[in-house]
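Notes to accompany the following structure.
Heavy atoms only: backbone and side chains are in, while hydrogens, waters and symmetry mates are out. Along the sequence shown, residues are numbered consecutively beginning with 1.
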Amino acid sequence: MKTLKNIVKQSTYRERAVFLLIDAFLAALCTLGMQISFCGITWGTPQENYLIPVTMLTLVRFILFFLLGGVALLALLYVNRVYTKRRTKEVTMRKGYFISFVLLLLAWLPYVLIYFPGGVFSDTFRSIDFAYSMDDYGMTMLNNHHPVLYILIWRGAILFGRLFHQGIFFAAATMLILQYLAMAAVLAFLICWVHRRGLGIKITLVLQIFLMFFPLYPLYVISLWKDTFFALALLLFSLCVGDLVFDGADRLLRNPGYLIKFVILGFLTSFTRNNGKYIVFLTMAVLLLLQARRLLSHWRAVLAFVILTSMVTVIQGPIYEKMNYNVDTTVESLGIPLQQLSYLVYYDYDFTEEEQAYIDSIISEESIKEWYHPCIVDPVKWNAPDFQGPIIEEDPLEFLQCWLSLMVHHPVGGIKAYLLATAGFWAPSVTSRDGYVQNWMWNNQYGLECTDLIEKFTGHTIRALTDSIEPVSSAVFFIILVLGAFVSLMRRDYRKLLLLLPAAGCWATVMIATPIACSLRYVYILVLVIPLDVLLICVSGKRTSNQ
């Protein structure tokens, strides 16, 4: 209690303002989330997924969440103050890594055996189709809607299987084992990394147990889609950025070895999913801004960032254009504005003659009434028979001008539509199994099926236990990220916020251009960085031996 009183008494006006803003922000997320009626699937109609009108109960809920949130935030500050006074003892890095790696493999092995050779997503089967098309057409038939790098990884697995005269089952098993080993290797490194950065052995062991048994780690081991590889690449990129915080930016930004590692990890992040490059560019921009006064002394870093930016831009720009890989359309990037426009039409908002004429030119009111789904844009784009996507493609500026006009005239409607279109990423009460995990095999032409090896060899199965695991909202993991950032802000340890910048950038890009309101795979990095959130909660404001 004495420590809590000291926290309150010693806080400055700035710290109190930060405290109240974060508390109000989290209370608003929880309150608004409860205003959404969600049927459990993103394909729900406007009668199933909608916003509940605000009542006096809404205000009561906000006050309760604000009070409970305030207590929770004070508890985090208490943990931070107590923990930073303790001395920590490190274990040997190599020994700790090996033990962590083996324990993760053993803990996740039942999932691998139950779902062998992994659950394959529909988009992944498209990548497999492209990989097989290379037999006849080389790389001419590929497209970057399904990242080329991921297709090439599958191509490698297929060719490896052919060395042993094996087919797609062997290739899928190869990908599962590769993903299994990669996940264990990266997360074992993460455990050792946070321990070296100041976490004591007890909390490190708790995190080790958490990574072993929290289902969303092994379930993403067996989910064969590009998102697992992307999240692992982004996590390693985050740790690379974190090295700048704990080992000294001035020294590392002059170190050629470090800069080579930064470029490689930035390249992998940029090519394992299409929003990766924006996260990498954002991170580099922030780093350059922070070092603006010392850019001349960090010319190696500037050169490395220019090289990385040029490689990504040239390969995904002119080279991909020449090879016809860039098939993603402007409409794909305008999913949320299209949802907002559809919402206003569906609920009969008034439009000017110019707005109405433009809307009629791209889609009829009748089609929107039939195909609008508040939490997913695909029905309007794919199923509405009179949807004129080419008109938007030919002049996206005109579409954006109409959209901006609509938002100016109907801001409340636009906000409501946006809240519904992104609900699963900010509302902790909204969750769905859509794009959550892939522990089953999508219908496919290859006859590929999951085999429960435990049941096959023992006659008994425990799959019902793993299949019954209830989904957790992506917003819960976002809130955990905010809590880690909160402690750093309160302790004025702003440098450590860089550790969460890539994960926050991933969440932000999804909030700008998501086609679906609930899909954990888009922001799975938020699950992977939980140990980093714990690290910031515990050691923000504390100088470790590595600083």
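With a 6.0 Å radius and a threshold of 12 heavy atoms from other residues, nucleotides or ligands, Lys381 has its NZ atom above the threshold. Taking a 6.0 Å sphere around OH of Tyr278, one finds it holds 12 or fewer heavy atoms contributed by other residues, nucleotides or ligands. Remark: Gln47 CD is packed, more than 12 non-hydrogen atoms of other residues, nucleotides or ligands lying under 6.0 Å away.
Remark: Arg16 is positioned above the aromatic ring of Tyr13, its terminal NZ or CZ atom under 6.0 angstrom from the ring centre and at most 45 degrees off the axis.
Distance check, rounded to the nearest 0.5 Å: CE of Met323 to CD1 of Ile315 gives 11.5 Å. Atom CG of residue Leu26 and atom CZ of residue Phe65 lie 11.0 Å apart, to the nearest 0.5 angstrom. Rounded to the nearest 0.5 Å, atoms CG (Leu290) and CG (Leu498) are 5.5 Å apart.
You'll find the side chain of Phe351 stays beyond 4.5 Å of the side chain of Asp360, heavy atoms only. At least one side-chain heavy atom of Phe281 sits under 4.5 Å from a side-chain heavy atom of Thr309. Between Phe305 and Leu287, the closest side-chain pair of non-hydrogen atoms falls below 4.5 Å. Between His373 and Asn49 there is no side-chain heavy-atom pair separated by less than 4.5 Å. At a threshold of 4.5 Å between non-hydrogen side-chain atoms, the residues Phe486 and Phe25 do not count as touching. Side chains of Met134 and Leu142 form a contact here, defined as non-hydrogen atoms less than 4.5 Å apart. Using a 4.5 Å heavy-atom threshold, the side chains of Ile525 and Phe477 count as separate. Between Val529 and Leu235 there is a side-chain heavy-atom pair separated by less than 4.5 Å.
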**Request:** Kindly determine whether Gln388 and Glu393 satisfy side chain to side chain contact (heavy atoms under 4.5 Å, CB included), including the steps that lead there.
**Result:** CA-CA 9 Å; Gln388 301 297 319; Glu393 295 292 332; over 6 Å; no

**CA sep, side-chain torsions, deciding dist, call: Leu232, Met183, side chain to side chain contact (heavy atoms under 4.5 Å, CB included)** = CA-CA 7 Å; Leu232 291 177; Met183 180 81 90; 3.6 Å; yes

**Item:** Test log, rule side chain to side chain donor-acceptor pair (under 3.5 Å), inputs Thr466 and Tyr115
**Value:** CA-CA 10 Å; Thr466 55; Tyr115 299 105; 2.5 Å; yes

**Message:** Run the side chain to side chain donor-acceptor pair (under 3.5 Å) test on Tyr150 and Asp227 for me, step by step, so that the C-alpha distance in whole Å, both residues' side-chain angles and the decisive distance to 0.1 Å come before the verdict.
**Reply:** CA-CA 10 Å; Tyr150 188 63; Asp227 306 278; over 6 Å; no

**Request:** I would like to know whether Asp129 and Gln445 meet side chain to side chain donor-acceptor pair (under 3.5 Å); could you show each step before the answer?
**Result:** CA-CA 10 Å; Asp129 293 342; Gln445 61 179 329; 3.1 Å; yes

**Request:** Run the numbers on His145 and Glu332 for side chain to side chain donor-acceptor pair (under 3.5 Å), then give the verdict.
**Result:** CA-CA 10 Å; His145 179 74; Glu332 290 284 337; 5.1 Å; no

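In this structure, Phe478 has its ring center under 6.0 Å from that of Trp507. Taking the six-membered ring where the residue is Trp, the centroids of Tyr50 and Phe38 are separated by 6.0 Å or more.
Between Asp434 and Arg521 there is no salt bridge, since no side-chain N of the basic residue sits under 4.0 Å from a carboxylate O of the acidic one.
Put simply, the side chain of Ser488 never gets that close to the backbone of Tyr494: no donor and acceptor are under 3.5 Å apart.
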